[in-house]
Amino acid sequence: MTLPRVRFAPSPTGYLHVGGLRTALYNYLFAKKHGGTFVLRIEDTDQTRLVEGAVKNLIEVLEWAGLTPDESPELNGKGGGAFGPYVQSKRLEIYKRHCEILVKSGNAYHCFSTAEELEEVRKLQQKQGLQPKYNRKWLPESLGGGAPESEIKRRLDAGEPHAIRMKVPDNRIIKVEDIVRGTVEFASETIDDQVLMKSDGFPTYHLANVVDDHLMQITHVIRGEEWLSSTPKHVLLYEFFGAAAEPQDNWAPPLFAHLPLLLNPDRTKLSKRQGDVAVEDYRAKGYSKEALINFVALLGWNEGGGSEQEIFSMDELVEKFSLEHVGKSGAVFNIEKLDWVEQQHIKRSTDAVLAAKIKPMLLDALKNKSAELPVEVITGDLYLEQVAAQMKERVNFISEFITFSSYFFFEPETYEPEAVKKRWTPETNALLTEFGLQLEAVQPFAAAEIEAALKTFAESKGLKPAALVHPLRLSTTGTSFGPSLYHLMEIIGKDACMRRIKRAALRITADAVPS
RNA sequence: GGCCCUAUCGACUAGUGGUUAGGUCACCACCCUUUCAAGGUGGUCGGACGGGUUCGAAUCCCGUUAGGGUCACCA
């Protein structure tokens, strides 16, 4: 088997839809798994929908996700490939040439109906309960229609604007061989004479995608299910071109794989209205590419063979992916599970990897807030790795290493009122002050030693450790929850601990405490 | 409405004629525990419906229903 060539062919709408991300991912995985090529092609044949900077953004987001194409539009000296250009608006001549072949072979014809005219016909048909379908007004006499050749020639010579439509044959069953769905059949009567070339000289998707897939030697078309019903048109186009081409020019259609759709919680097609659909949105919210890729891969694909693995790296996905295990039914995009996947990826990351991710966020936070500890200490790898080790099982997002554990970097400013109410007694201040003296003497200032000191002290006072532990946590962190108190104290160090205990004693005054 | 696709716990899914229908998220309980998590154990919950075929059906066939996609000079 020759090496597969697949493509992701989005239209540049300005952002990458998560469904698009999954389509791109499956294409990428399939290509990489088989040592093939992953092509990015931009389908920008609709001039009314141009979005500034969309291509650049698309490439940037794909790269962020780790789905860097092997061939893609050239941009800033990057990209390119042997089958370019990869932007359809730059291939207009190619489509024109191919369309002429179709007209010449009698598989396409000129149509002078205006948009308004067509709209009117369509309305009438709907009113009569008929299928909205082109009425073949301009199908020439030579092709069995009613339009005189002379009239067509006259208008053509006069340079009248016109579209070119494909002539769908009558009484045919068109078979689409789909890898995920098996054979799907369509009666040609249900297929409209699709416009191939618009009057503005741009091709429609149908023509462009067939021509490009052939010219770019695409072997597998892996795309969303919304394309399934237009696939018979594409199959027909391959057939037309094949019949008109030289024998060595092989127009056999590629293999198709139509992917199930991604759904909203109410099982309608995943849409903007019901939440975020852009990959950029999730990225901005702090989801990692690893988790997003992992999660999205599972929406419609499973390893099969009774595997119960849920967490996959990109390498594992490449190794294990197969089109045969892609499901047929739509999948709800469930954010709760995404969150869990994100958390799993954080938990499984090494402290060093986590530290590297925390650092830029911390540096950012440091711009608006001054640290209590020396900046060079808290931004150091060692320090951040310790924070990561303590917090990685308690956060759902990397950003929470800053927000949920700011006390590793910044002095607590407030103290959870609920916790103060619950844990602070009139004796607490005196108790903490006294314990502070013991703490001064702890050497080294490490978790085990701190714990021992605390327990000894508590025992000497006839108290449970908890009577000390909770107020201590509160005064050193301002919160009632978090990692091991002793470890946390070790990390922020004796000086900061002592300072914070004293400050808390001043701030949480006895009269603020219910007696 | 026509055409096409789909149908296993609330969600993602395993399963390809014989299983006590398995796993994960979420939920509940318990354990662990200074807190919060994480983790562990257990639990609640499922083959849309109706007909066939078969000794036997979640699995094969037909129908119904429901959901989705598509019917543009959009992709």
Side-chain angles (χ1 to χ4, degrees), chain A residues 9-13 43-46 48-49 88 111 113-115 118-119 122 126 129-134 161-165 176 178 180-181 184-187 189-192 194-206 208-209 224-232 258 260-261 263 265-269 295 298-311 325 327-341 343-344 347 391-396 404 419 423 451 454 464-470 472-474 477 479-486:
Chain A
S11 60
T13 55
E43 312 247 341
D44 62 343
T45 55
D46 185 354
T48 64
R49 286 201 189 180
Q88 291 185 329
C111 169
S113 298
T114 63
L118 294 169
E119 186 55 38
R122 203 172 299 132
Q126 277 171 338
L130 296 169
Q131 284 323 295
K133 209 176 158 187
Y134 178 57
H162 63 276
I164 297 175
R165 287 177 182 272
V176 173
D178 190 279
V180 342
R181 278 153 225 283
V184 184
E185 298 185 346
F186 298 84
E189 286 65 36
T190 65
I191 303 168
D192 209 354
Q194 186 61 237
V195 168
L196 262 19
M197 193 63 86
K198 298 180 258 185
S199 53
D200 65 358
F202 279 74
T204 58
Y205 169 84
H206 307 284
N209 116 84
E225 192 192 349
E226 66 264 34
W227 296 109
L228 184 56
S229 47
S230 52
T231 307
H258 287 97
L261 261 16
L263 272 24
D266 68 356
R267 303 204 77 85
T268 55
K269 188 176 168 184
F295 173 65
L298 260 20
L299 256 25
W301 171 83
N302 70 85
E303 194 183 340
S307 163
E308 287 172 358
Q309 184 172 347
E310 302 274 342
I311 301 302
H325 281 106
K328 299 185 213 304
S329 49
V332 173
F333 192 91
N334 180 240
I335 294 177
E336 281 176 344
K337 183 135 185 192
L338 204 211
D339 287 345
W340 177 78
V341 173
Q343 188 192 53
Q344 292 300 311
K347 243 183 63 184
M391 291 300 294
K392 70 199 232 184
E393 294 194 340
R394 284 163 237 270
V395 298
N396 289 308
F404 281 0
R423 307 291 191 187
E451 181 171 3
L454 186 140
K464 283 194 213 164
L468 238 21
V469 164
H470 296 293
L472 254 184
R473 177 183 296 283
L474 214 36
T477 71
T479 67
S480 63
F481 60 91
S484 155
L485 175 69
Y486 311 116

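The chains referred to below are lettered A, B, ... by the order of the sequence lines, with proteins before strands, and numbering in each begins at 1.
Within 4.0 Å of Glu303(A), counting heavy atoms only, lies no atom of the nucleic acid at all. Among the heavy atoms of the strands, none lies under 4.0 Å from Phe202(A). Among the protein residues, Pro483(A) comes within range of the nucleic acid bases, having at least one heavy atom under 4.0 Å from a base atom. If you check every strand for non-hydrogen atoms under 4.0 Å, Ser230(A) touches nothing. Across all strands shown, Thr45(A) has heavy atoms under 4.0 Å from sugar-phosphate atoms exclusively, and none from any base. Counting non-hydrogen atoms under 4.0 angstrom, Leu118(A) reaches a base of the nucleic acid. As judged by a 4.0 angstrom heavy-atom cut-off over every strand, Glu451(A) is placed among residues making no nucleic acid contact. As judged by a 4.0 angstrom heavy-atom cut-off over every strand, Lys392(A) is placed among residues making no nucleic acid contact. Within the nucleic acid shown, Gly306(A) comes within 4.0 Å of sugar-phosphate atoms alone, with no base atom in reach, counting heavy atoms only. Nucleic acid contact class of Gln126(A) (heavy atoms, under 4.0 Å, all strands): none. Contacts of Arg473(A) with the nucleic acid, taken as non-hydrogen atoms under 4.0 Å apart, include base atoms.
The salt bridge (charged side-chain N to carboxylate O under 4.0 Å, His left out) contacts involving residues 301-311 of chain A comprise Glu303(A)-Lys320(A), Glu310(A)-Lys337(A), where partners must be two or more places apart or lie in separate chains.
Side-chain atoms of His258(A) and Thr231(A) include a donor-acceptor pair closer than 3.5 Å. Remark: the Asn396(A) side chain and the Gln343(A) side chain contain an N/O donor-acceptor pair separated by less than 3.5 Å.
Of the nucleotides present, A11(B) is the one that pairs with U24(B) by Watson-Crick or G-U wobble criteria, both distances under 3.5 Å. Pair assignment for G18(B) gives C55(B), based on Watson-Crick or G-U wobble hydrogen-bonding distances that are each under 3.5 Å. Pairing partner, G50(B): C62(B), with both Watson-Crick or wobble hydrogen-bond distances short of 3.5 Å. Applying the Watson-Crick and G-U wobble criteria (two distances, each under 3.5 Å), C45(B) pairs with nothing in any strand. Pairing partner, C30(B): G40(B), with both Watson-Crick or wobble hydrogen-bond distances short of 3.5 Å.
Taking atom P in both G47(B) and U8(B), one finds a spacing of 10 Å when rounded to whole Å. Distance noted for atom C1' between A58(B) and G15(B): 8 Å (whole Å). On the P atoms, A72(B) is 35 Å away from C60(B), given to the nearest whole Å. A75(B) and A37(B): their C1' atoms are spaced 46 Å apart (whole Å). A distance of about 12 Å separates the C1' atoms of G17(B) and C55(B), rounded to the whole Å. Only the P atoms considered, C49(B) is 10 Å distant from C9(B), to the nearest whole Å. With P as the reference atom, C45(B) and G23(B) are 14 Å apart, rounded to whole Å. The same atom, C1', is picked in G51(B) and in G39(B); the two are 50 Å apart, to the nearest Å.
In this model, a side-chain donor or acceptor of Ser199(A) finds a partner on the base of C73(B) within 3.5 Å. With hydrogens and angles left out, the side chain of Gln131(A) and the base of G1(B) share a donor-acceptor pair within 3.5 Å. Applying the 3.5 Å distance criterion, the base of C36(B) shares a donor-acceptor pair with the side chain of Arg394(A).
Comparing His325(A) and Glu185(A) against RNA chain B, the residue whose closest nucleotide sits nearer the 5' end is Glu185(A). Where Val184(A) and Pro10(A) each meet RNA chain B at their nearest nucleotide, the meeting point lying more 5' is that of Val184(A).
A side-chain donor-acceptor contact under 3.5 Å links Lys328(A) to the backbone of Val180(A). Between the Ser230(A) side chain and the Trp227(A) main chain, a donor and an acceptor come within less than 3.5 Å of each other. Judged purely by atom type and a 3.5 angstrom limit, Thr45(A) has no side-chain atom pairing as donor or acceptor with the backbone of Phe202(A). Under a 3.5 Å cut-off, the side chain of Thr477(A) and the backbone N or O of Leu474(A) do not form any donor-acceptor pair. No donor-acceptor pair under 3.5 Å is formed between the side chain of Ser11(A) and the backbone N or O of Thr13(A). Put simply, the side chain of Arg473(A) gets close to the backbone of Pro483(A): a donor and an acceptor are under 3.5 Å apart. In this structure, the side chain of Gln309(A) engages the main chain of Ile311(A) through a donor-acceptor pair within 3.5 Å. Side-chain atoms of Asp192(A) do not come within 3.5 Å of backbone N or O of Gln194(A) as any donor-acceptor pair.
Between Lys133(A) and the phosphate of G2(B), there is no side-chain N or O to OP1/OP2 separation shorter than 4.0 Å. Within the structure, every side-chain polar atom (N or O) of Lys328(A) is placed at least 4.0 Å from both OP1 and OP2 of U8(B). Taking side-chain N and O atoms only, Gln344(A) has a distance below 4.0 Å to OP1 or OP2 of G39(B). Distances shown here put a side-chain N or O of Arg122(A) below 4.0 Å from the OP1 or OP2 atom of A72(B).
Listed here is the closest heavy atom pair of Leu454(A) and Pro465(A): CD2-CB, 3.9 Å.
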Please tabulate the protein-to-nucleotide N/O contacts below 3.5 Å involving nucleotides 9-13 of chain B, giving atom names and distances.
unit_1 : atom_1 : unit_2    : atom_2 : d
C12(B) : OP1    : Val332(A) : N      : 2.9
C12(B) : O2'    : Leu298(A) : O      : 3.2
U13(B) : OP1    : Gly300(A) : N      : 2.7
U13(B) : O3'    : Asn302(A) : ND2    : 3.1

For nucleotides 41-43 of chain B, which of its nitrogen or oxygen atoms have a protein nitrogen or oxygen under 3.5 Å away, and what is each distance?
none

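In this structure, the nucleotide among C4(B), U6(B), G1(B) sitting nearest to the side chain of Leu228(A) is C4(B). Among A37(B), C74(B), G23(B), the nucleotide with an atom closest to any side-chain atom of Arg49(A) is C74(B). In the set G22(B), C25(B), C73(B), C25(B) carries the atom at the smallest distance from any side-chain atom of Trp340(A).
A cation-pi geometry, defined here as NZ or CZ lying under 6.0 Å from the six-membered ring centre and within 45° of its normal, does not hold between Arg394(A) and Phe404(A).
With a glycosidic angle no more than 90° from 0, G47(B) adopts the syn conformation.
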